[in-house]
Amino acid sequence: IIITTGRPNSTIGGQTTPSTILRLTFNQTSGSMVTDAVNISSISNITITNGIFFTSTFSLTQDPSGGVIIIEAGGTLKLGGTNTITAFTGYGFDVASTVDYAGTTQLIANSPVYGNLIISAACNKTAPSFLPLFMAGNFQIRSGTFYANINTHTYVLHWLLQVRAF
């Protein structure tokens, strides 16, 4: 079990990869970031209450018996590398939560109903073919190219385009 709190940015690392961690809980000061520096497996619960959890280029894997990802109103899951939302049994994303696809070429998972969805890094981000994305909040493209495929995507608040390509 890892529980992070407070202001300083920090890193989750270790010598064993993948590291087995049953529960990850993040309650950082707003804007503070915890960066993953090791593949993590056997997770049954990830809760991001406040702050940013950045996966970098490392993977997260659900426990074989199941697991959930919860992102509360002040929380952000920032996905780096080629990572996407890991397949978990359940998702609980607050309407004011954020998932940021900040890696290289990435497939945007359609499993959760996103709060706010951000594409913030150059390269291609692709929605799955024939599977729509649902955003209860905003959809924002800051950088990169979004490929919608043959889909109708639903967003409740705003579609914010700050770059050239969609």
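Position 1 is the first residue of the sequence; numbering continues from there.
The shortest non-hydrogen separation linking Ser143 to Ser120 is CB-O, 3.6 Å. Residues Thr104 and Cys123 approach most closely at C-CB, 3.6 Å, considering heavy atoms. The minimum heavy-atom distance linking Ala148 with Ala127 is given by the pair O-CB, 3.8 Å. Contact detail for Pro128 and Leu133: the closest heavy-atom pair is CD-CD2, 4.3 Å.
Side-chain contact between Phe53 and Asp36 is present, with at least one heavy-atom pair separated by less than 4.5 Å. Counting heavy atoms from C-beta outward, Leu77 and Thr98 have side chains that stay 4.5 Å or more apart. At least one side-chain heavy atom of Ile3 sits less than 4.5 Å from a side-chain heavy atom of Arg23. No side-chain heavy atom of Ile43 sits less than 4.5 Å from a side-chain heavy atom of Leu22. The shortest side-chain heavy-atom distance between Ile12 and Thr35 does not fall under the 4.5 Å cut-off. Between Asn50 and Ser30, the closest side-chain pair of non-hydrogen atoms falls below 4.5 Å.
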### Message
Before you tell me yes or no, could you show the steps for Val34 and Gln28 under side-chain contact (heavy atoms from CB on, under 4.5 Å), namely the whole-Å CA-CA distance, both residues' side-chain angles and the distance that decides it to 0.1 Å?
### Response
CA-CA 8 Å; Val34 175; Gln28 298 295 110; 3.7 Å; yes
### Chi angles and distances behind the side-chain contact (heavy atoms from CB on, under 4.5 Å) call for Val99, Thr76
CA-CA 6 Å; Val99 175; Thr76 298; over 6 Å; no
### Query
Going through the distances and angles, do Thr86 and Ile46 end up as a side-chain contact (heavy atoms from CB on, under 4.5 Å)?
CA-CA 11 Å; Thr86 305; Ile46 298 174; over 6 Å; no
#### Entry: Full working for side-chain contact (heavy atoms from CB on, under 4.5 Å) between Ile85 and Tyr114
CA-CA 11 Å; Ile85 296 282; Tyr114 293 95; 3.8 Å; yes
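Between Phe139 and Phe146, the ring planes are perpendicular. Angles over 60° get that label, and only those under 30° would be called parallel.
Note that the CG atom of Asn116 and the CG atom of Asn138 stand 5.0 Å from one another [nearest 0.5 Å]. The structure places NZ of Lys125 at 10.0 Å from CG of Leu79, a figure rounded to the nearest 0.5 Å. Rounded to the nearest 0.5 angstrom, Ile48 CD1 and Lys78 NZ are separated by 12.5 Å. Rounding to the nearest 0.5 angstrom, the gap separating the CG atom in Asp100 from the CD1 atom in Ile118 is 5.0 Å.
Residues Tyr147 and Leu107 do not share a hydrophobic cluster, defined by chaining ILVMFWY side chains whose heavy atoms lie under 4.5 Å apart. Note: the hydrophobic cluster containing Val38 also contains Leu24 (ILVMFWY, side chain heavy atoms under 4.5 Å, direct or indirect links). Note on Ile52 and Tyr101: separate hydrophobic clusters, where clusters join Ile, Leu, Val, Met, Phe, Trp and Tyr whose side-chain heavy atoms are under 4.5 Å apart, directly or indirectly.
Residues Thr47 and Asn45 bring a donor and an acceptor atom of their side chains to less than 3.5 Å of each other.
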Show me, pair by pair, the donor-acceptor contacts under 3.5 angstrom made by side chains of residues 54-70, not counting sequence neighbours?
residue: Thr55; atom: OG1; partner: Gly80; partner atom: N; Å: 3.1
residue: Thr55; atom: OG1; partner: Asn83; partner atom: ND2; Å: 3.1
residue: Ser59; atom: OG; partner: Asn39; partner atom: OD1; Å: 3.2
residue: Gln62; atom: OE1; partner: Gly67; partner atom: N; Å: 3.2
residue: Gln62; atom: OE1; partner: Thr89; partner atom: N; Å: 2.6
residue: Gln62; atom: OE1; partner: Thr89; partner atom: OG1; Å: 3.2
residue: Asp63; atom: OD2; partner: Ser65; partner atom: N; Å: 3.0
residue: Asp63; atom: OD2; partner: Ser65; partner atom: OG; Å: 2.4

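Side chain of Ser32 to backbone of Asn9: no donor-acceptor contact under 3.5 angstrom is found.
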